[in-house]
Structure formats: C-alpha cells, structure tokens
Number of protein chains: 2
Amino acid sequence: MLTSSEENYIKALFYLQQKASKGVSTSSLAQRLDTKPSSATDMLQKLSEKGLVDYVKYKGALLSTDGYQLAAHVVRKHRLWEVFLVKTLGFSWDQVHDIAEQLEHVHAPLLVEKLDAFLGHPRRDPHGDPIPDKNGQIHQVEKALLSTQQNDQESILVSIKDANDDFLKYLNQKNISLGAFIKVIALEPFDGSMTVEVNHETHYFSSTITNNLYVQSL
Amino acid sequence: MLTSSEENYIKALFYLQQKASKGVSTSSLAQRLDTKPSSATDMLQKLSEKGLVDYVKYKGALLSTDGYQLAAHVVRKHRLWEVFLVKTLGFSWDQVHDIAEQLEHVHAPLLVEKLDAFLGHPRRDPHGDPIPDKNGQIHQVEKALLSTQQNDQESILVSIKDANDDFLKYLNQKNISLGAFIKVIALEPFDGSMTVEVNHETHYFSSTITNNLYVQSL
DNA sequence: ATATTATTTTAGATGAAACTAAAAATTTAT
DNA sequence: ATAAATTTTTAGTTTCATCTAAAATAATAT
C-alpha cells in the first residue's frame with residue numbers, strides 16, 4: 001500500500017504528464033507539490049524501485065502502467081469526495097479541494113464503491129473534470145464546438161481547437177480555463193455570436209471564439 | 001495541530017481513563033494501541049510537553065482539560081462518520097470501525113458540522129455510544145430501568161445498577177455489554193419478566209435482571 | 001567549442017514515530 | 001525488609017519524508 005506522500009507524487013505525475021508528452025521534470029514535479037527538487041528526486045527513485053514510475057536520471061519521469069492505474073484510482077477518490085461535499089453536504093465548489101485532498105488518502109475499497117453508488121455514479125466532479133471508473137479508465141466523452149450548442153445548453157469546456165498564445169491570453173484574462181461551466185444564454189443567428197454564462201459571469205463570444213472552444217454537453 | 005499518532009494516543013487515554021479513575025499505565029496504553037511501552041512513554045512525554053496530558057514518571061497519565069477537549073472532538077468525528085457509514089452508505093455496524101478510524105483524522109471543522117447537520121444531529125453512534133457535542137461535552141441522557149420500558153420500545157444499555165461479579169459474568173456469558181441495543185418483545189405482567197431482543201438475539205429476563213439494567217430510550 | 005548558467009542528483013542532517021536492549025524504579029512475594 | 005519479578009524509562013537504531021549544501025550533468029550563449 002502507498003503512503004500519502006507517494007500517492008501525492010503519482011497524482012501530480014498523472015496531471016503533469018497529460019500536458020507534457022515527454023518526461024516530467026524534477027523541478028516541475030517539485031513545484032507542483034510545493035517541495036524541493038531534491039525531495040522529488042528521492043521520491044522518483046523510490047517510485048521507480050517500486051515499478052510505478054519509468055524514470056531516467058536527468059531525463060524526467062512518466063508513470064508506468066501500474067502507476068497510472070493507481071494514480072487514476074486516487075483521482076477517482078478525490079473527485080467522488082468532491083461530488084459528495086458539494087452535492088450531499090452543500091459545500092461550494094471552491095471550498096472542497098483541500099478537504100478532498102485529505103479524504104482521497106483513506107484506504108477502503110468498499111467505501112469508494114458505496115460512495116459512488118450513493119452519489120448515483122457521477123461522471124464528472126463539481127469542476128467538470130471526469131471521474132475515472134473503478135478500473136482507472138477515464139471515459140473520454142464526445143466533445144463538440146461551442147458554436148454547435150443550443151440555447152440554454154449547459155456544458156463543460158474540455159479543450160481548445162487552436163491554442164495560440166493570443167487566444168489563451170484572452171481566456172486567461174477573462175479567467176476562463178479548462179473545466180469551466182458554460183451555459184448558452186442567447187444565440188445571434190446572423191453572425192453566429194453568443195451570449196454565454198461562464199462560471200456565473202456573462203460574456204459575449206464572437207463566432208471566432210465559439211468555433212475555437214470544444215465543450216462537452218451536460 | 002495534532003498528528004494522527006498523537007490523536008490516537010489521546011483517544012486511547014480518553015477511553016482508558018473512563019474505567020480506571022487513577023492514572024493510565026504506560027503498558028495498558030501501549031496494549032490498547034498495539035505498540036510497545038517504550039513508544040507509549042515517548043509519546044506521553046511529548047503530549048505532556050504540549051500540555052495535553054498530566055504525566056508523572058512511573059505514575060501513569062491522565063488527560064488535561066485541553067487534552068480531554070481534543071480527545072472528545074476526535075471521538076465526535078469518529079462516531080459521526082460511523083453513523084454516516086451505516087445510515088447513509090449502508091455498511092453494517094461491524095464493518096465501520098476501521099474506516100472511521102481513518103476518517104476521524106481528517107482536519108476540517110466545517111466538514112464535521114455539515115456532516116452532523118446532514119445526519120440530523122445524531123446523539124448516538126451505531127454501537128449506542130454517545131456522540132460528544134461540538135464543545136466536547138458528552139450529553140448525559142436520562143436513563144431508566146429496563147423494567148419500566150413498554151412493549152416494542154427500543155433502547156440502549158447505558159449502565160448497570162448493582163454491578164456485582166455474578167451479574168457481570170452472566171451478561172458477559174450472554175455477550176451483552178454497555179451500548180447493546182435492546183428491544184422489548186413481550187412483557188409478562190404477573191412476574192415482571194420480559195422477552196427482549198439484544199443485538200438481534202432473543203433472551204428471557206426475570207424482573208431481577210430488568211430491575212438491574214439502566215437503558216436509554218431511542 | 002568552450003564557458004556560463006540552470007537543472008538535477010548526491011551526501012549528509014533533521015524530526016516523527018516506531019523499535020530493541022539495557023538500566024532504573026516500582027511492586028510483589030518470601 | 002530484602003529479594004525477585006514486573007513495569008517503566010532511557011539510550012541507541014531504523015524508516016520515512018523532508019531539508020540544505022555541494023557535486024554532477026545538461027542546456028545556453030557567446
């Protein structure tokens with residue numbers, strides 16, 4: 001069984017290797033976990049010994065198949081607890097991360113499955129992120145351009161078509177990131193522009209924008 | 001903030017000092033926590049430094065006011081989680097202890113209060129043990145002799161009037177202990193005897209017995 | 001291509017929490 | 001009351017996860 005610290009490291013690798021397809025650097029790992037690079041090196045060596053990480057000195061690390069499986073399971077627990085905290089106990093979505101960070105380290109397989117059943121087998125957490133299934137599979141759902149969505153349709157921002165710098169800056173400045181909750185308020189058929197609500201704030205999007213955002217319908 | 005280990009020690013002291021009114025011995029503490037006496041000594045010295053335990057070398061230890069407060073809060077969390085596991089997730093009462101043992105160490109005051117509210121402010125856990133309130137007070141509830149209970153009445157065994165050895169042996173042999181769930185099945189008015197269900201097993205109690213058991217109605 | 005800079009790893013140290021073995025204190029028995 | 005047995009404490013190790021400082025490697029800039 002893994003320690004909490006080991007679980008935190010493989011979870012961080014799980015996130016970081018999604019972006020960078022090459023090996024995850026020691027420093028980025030340390031930065032994400034708010035620790036020092038030397039500590040990250042120590043842990044990478046240990047996890048490599050255990051066969052959970054493929055690690056080459058100075059070259060970076062990636063999760064092995066086993067490591068990925070375990071990481072997905074920790075993420076599953078984290079996201080199920082977040083759903084519980086928001087849906088069952090009435091927390092707001094921004095209060096739950098730190099609590100779920102503790103709950104995810106509780107080891108009790110039956111608890112996870114009973115919680116999942118009680119919550120009605122949710123497919124996404126309150127931030128819109130997908131919940132891995134009990135085998136660690138992340139159900140990749142069909143995505144569509146925001147421009148194809150109908151009035152009142154609710155969706156989650158899942159990816160960006162052309163991720164050029166200017167566009168990312170635009171999104172960043174408006175505080176819009178992957179996982180954002182988007183609801184179509186009004187469509188303008190003559191130019192394809194849209195009034196949308198993103199995380200409780202109203203925005204006007206031209207067709208250039210709506211044709212560049214992939215969403216997943218809720 | 002206390003470590004999980006420190007919390008386990010003060011919780012063990014909380015239980016042990018209820019029975020023995022004198023100082024709790026190093027060995028009994030070690031035995032309860034399945035560890036060695038030398039480890040218990042180390043921890044008692046640390047907790048004494050922190051002002052949570054009144055400890056005199058070779059003489060045993062008792063919780064200070066602060067320590068008692070903290071212990072009661074850990075017990076509160078443990079018992080609330082047990083109620084959640086049984087009532088909300090459908091675990092049986094004998095499966096929940098080890099899981100609650102982990103959940104009790106999650107630090108999130110708001111979580112405890114929201115969980116308490118969600119569960120409807122329960123006063124006892126699934127084993128019949130009282131749940132301390134948010135100030136660490138253990139609400140001592142009114143108790144009555146089992147002989148005064150009506151048909152179908154459900155109650156919890158809370159104490160014994162005359163705790164003589166023979167009677168305790170009798171209870172022990174029948175596997176009946178404090179916290180037991182008792183339901184009155186049938187009353188015999190002519191001699192005051194009773195048919196009762198104790199923890200899902202049927203027993204016949206004479207009036208001598210029903211006049212010696214204090215219960216708390218549910 | 002070599003020097004400079006940045007990143008990564010190693011070596012050694014610290015604090016928690018446990019352990020074993022030996023010393024000290026207390027309790028029990030003769 | 002003293003000896004024997006038991007309990008408790010101390011002293012010294014171990015493992016885990018972190019740190020700092022120094023050495024090794026890789027990346028970059030002239």
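Since the structure is predicted, the reported quantities are computational estimates derived from the model, not experimental observations. Proteins come first, then strands; the chains are lettered A, B, ... in the order of their sequence lines, and each starts at number 1.
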- Short side-chain N/O contact to dA21(D) OP1/OP2 from Lys36(A), under 4.0 Å: no
- Item | Spacing between Gln45(B) atom CD and dT8(D) atom P, to the nearest angstrom | 13 Å
- Query: Which part of the nucleic acid, if any, lies within reach of Thr41(B) when heavy atoms closer than 4.0 Å are counted: base, sugar-phosphate only, or nothing?
  - Reply: base
- Message: Determine whether a donor-acceptor pair (N or O, by modelled atom type, separation under 3.5 Å) exists between the side chain of Arg79(A) and the backbone of Pro130(A).
- Response: yes
- When rounded to whole Å, the NZ to P distance for the pair Lys57(A) and dT25(D) reads 7 Å
- Query: Just how far, in rounded Å, is P of dA18(C) from CG of Leu29(B)?
  - Reply: 11 Å
- Electrostatic pair Asp116(B)-Arg76(B), nearest N-O below 4.0 angstrom: yes
- Message: For dT18(D) and Tyr9(A) - does any side-chain N or O of the residue sit under 4.0 Å from the phosphate oxygens OP1/OP2?
- Response: yes
- Does the side chain of Thr41(A) reach to within under 4.5 Å of the side chain of Tyr55(A), using non-hydrogen atoms? yes
- Distance test, side-chain N/O of Ser38(B) to OP1/OP2 of dT8(D), below 4.0 Å: no
- Compare side-chain N and O positions of Ser39(B) against OP1 and OP2 of dC19(C) and report whether any pair is under 4.0 Å apart. yes
- To the nearest Å, how far apart are Met43(A) CE and dC19(D) C1'? 14 Å
- Message: dT26(C), OP1 or OP2 - any side-chain N/O from Lys59(B) closer than 4.0 Å?
- Response: no
- Query: Is Val53(A) close to Tyr9(A) at the side-chain level, that is, under 4.5 Å between some pair of heavy atoms?
  - Reply: no
- Beyond-backbone contact of Leu103(B) with Glu82(B), side-chain heavy atoms, under 4.5 angstrom: no
- Note on the structure: Whole-Å distance, Leu2(B) CG to dG15(C) P, equals 19 Å
- With no angle test and no hydrogens, is the base of dT7(C) tied to the side chain of Ser25(A) by a donor-acceptor pair under 3.5 Å? no
- Item | Euclidean distance, atom CD of residue Glu49(B) to atom P of dA16(C) [Å, nearest integer] | 12 Å
- Query: Just to confirm, is there a sub-4.0 Å distance from OP1 or OP2 of dA6(C) to any side-chain nitrogen or oxygen of Tyr58(A)?
  - Reply: no
- Item | Atom-pair distance (CG on Leu44(A); P on dT10(C)), nearest Å | 11 Å
- Task: Starting from P on dG15(C), measure out to CG on Asp42(B) and report it in whole angstrom.
- Result: 15 Å
